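Below is one structure, written out as structure tokens, with a few remarks after it.
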Amino acid sequence: MNTSRVNSISKSSIFELIYPPNLNGLIQQSEFEILIKRINKQSTLSAKYNIILLFLILVGIILIVIGVVKGFSKEVNQILAAFGLIISLFSLFLLSIIFIISKINISDKIKYELDLINENYKSKNIKWSLRHDLTRNFINEELYKKKLGKSSFMYGIKYDKNNKPYREEYIYFIEIESPSRFLQNLTVKTISSNQNHCDTIISIKDNNNNNNNNKNIEDEKGICVNMDELKNF
């Protein structure tokens, strides 16, 4: 089996549209890009809501500034500033909730989308899977000394054998398993076991000669193979 890797962009769950050469002849480049965009959509569903909420936060801040600049002596300005504060705080709260939920469910959404894609590629023996690498991101020494002791900063920090601080991070990627090029060019046929030769033979397709497909099994001359070993090729 051939294995192709589709990396994520900038440690996010958005995947690159770079076409793996191993998929040539199995999945067209345009089809591959459509599938990756489908997967990426699972990571960007909340983007529209984030933009709206950020806009509301900005509007709230503007209303607060207007109310303060005009002075709190007038009731109208007090209401204006209070309304802006409520909008900003409520939008910030919703933004935090959406961020947390998206981080929790995003891998499940991607896996679900990959399951749908795999249903369409069963016949081609192609499997898409979500994988991840665990990496170490070492923390700048000056930054570490500056924020040492702050609970929010210290959360999740680990130390290597040299006592250097780092945080672990998952880097997601998509793994695509596909048949090797050798297997792509094989025709596998099963012959009745009561005949005096192998139960299973293989013949290599000749892309320049379409007449090979018209040969009868009795006339087929091929190679005796162990099918269990062939599956692991």
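Predicted model only: the values in this text are computed from it and were never measured.
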Scanning both residues in full, the closest heavy-atom pair of E16 with I9 reads CG-CG1, 3.6 Å
Less than 4.5 Å apart, side chain to side chain, heavy atoms only: is that true for E141 and K145?
yes
Taking C-beta and beyond as the side chain, do F153 and I139 meet within less than 4.5 Å on heavy atoms?
yes
### Query
Should the heavy atoms of other residues, nucleotides or ligands under 6.0 Å from OH of Y112 be counted, would the total exceed 12?
no
**Q.** Side-chain donor/acceptor of S8 to backbone N/O of F173, under 3.5 Å
**A.** no
Between Y172 and L130, is there a side-chain heavy-atom distance shorter than 4.5 Å? yes
- Query: Quick check: does any side chain N or O of N162 sit under 3.5 Å from a backbone N or O of K164, one acting as donor and the other as acceptor?
  - Reply: no
Validation: residues 56-69 side-chain donor-acceptor distances under 3.5 Å, sequence neighbours left out:
none

Smallest heavy-atom separation, P179 atom then N125 atom, equals CD-O, 3.6 Å
Taken to the nearest 0.5 Å, the spacing of I34 CD1 from I39 CD1 works out to 12.5 Å
message: Is there a path of hydrophobic side-chain contacts, each under 4.5 Å between heavy atoms of I/L/V/M/F/W/Y residues, joining Y166 to I171?
response: no
*asked:* A side-chain contact here means heavy atoms from C-beta on lying under 4.5 Å apart; do R167 and K158 qualify?
replied: no
| field | Audit row: L114, K127, side chain to side chain contact (heavy atoms under 4.5 Å, CB included) steps and yes/no | value | CA-CA 9 Å; L114 291 176; K127 184 178 180 181; over 6 Å; no
Hydrophobic clustering (ILVMFWY, side-chain heavy atoms < 4.5 Å, transitive) - are Y170 and I174 grouped together?
yes
- prompt: Side chains of I106 and Q42: closer than 4.5 Å at any heavy-atom pair?
  reply: no
Practice problem: Please answer: with hydrophobic residues joined when any side-chain heavy atoms are less than 4.5 Å apart, are F55 and F93 in the same cluster? | Solution: yes
Tell me if a side-chain donor or acceptor on N40 pairs with a main-chain N or O of F15 at a distance below 3.5 Å.
yes
Exactly one candidate in N2, V6, I117 meets side chain to side chain contact (heavy atoms under 4.5 Å, CB included) with I176; the answer is V6
Ring geometry between Y19 and F32 (parallel below 30°, tilted from 30 to 60°, perpendicular above 60°): perpendicular
Note: K122 and E119 closest approach over all heavy atoms is NZ-OE2, 3.6 Å
Do the side chains of D160 and F138 get nearer than 4.5 Å, heavy atoms only? yes
Between the CD1 atom in I18 and the CD1 atom in I36, the distance rounded to the nearest 0.5 Å is 10.5 Å
- Taking a hydrophobic cluster as the set of Ile, Leu, Val, Met, Phe, Trp and Tyr residues connected by side-chain heavy atoms closer than 4.5 Å, whether directly or through intermediates, do I110 and L17 fall within one such cluster? yes
Value for CD (E113) from NZ (K41), rounded to nearest 0.5 Å, stands at 9.0 Å
- Task: In sequence, state the C-alpha distance, the side-chain angles, and the governing distance for T135 and E168, and then conclude on side chain to side chain contact (heavy atoms under 4.5 Å, CB included).
- Result: CA-CA 6 Å; T135 62; E168 291 181 336; over 6 Å; no
Cut-off 3.5 Å, side chains only: do N7 and R5 have a donor facing an acceptor? yes
### Query
Is there side-chain contact between P20 and I27, with at least one heavy-atom pair below 4.5 Å?
no
Run E175 and T3 through side chain to side chain contact (heavy atoms under 4.5 Å, CB included) and show every step you take. CA-CA 7 Å; E175 182 181 85; T3 302; 3.4 Å; yes
>> Other residues, nucleotides and ligands only: do more than 12 of their heavy atoms fall within 6.0 Å of OH on Y159?
In response: yes
Check ion pair E33-K37 (N to O, under 4.0 angstrom)
no
Subject >> Note, L148 side chain near M154 side chain (heavy atom, < 4.5 Å) >> reply: yes
Inspect the surroundings of CZ in F83 and state if more than 12 heavy atoms from other residues, nucleotides or ligands are less than 6.0 Å away.
-> no
Subject >> Steps toward side chain to side chain contact (heavy atoms under 4.5 Å, CB included) verdict (S178, L23) >> reply: CA-CA 7 Å; S178 58; L23 298 182; 4.2 Å; yes
According to the interplanar angle, ranging from 0 to 90°, do the rings of W128 and Y121 count as parallel (below 30°), tilted (30 to 60°) or perpendicular (above 60°)?
-> tilted
The reported gap from NZ in K150 to NZ in K147 (rounded to nearest 0.5 angstrom) is 6.0 Å
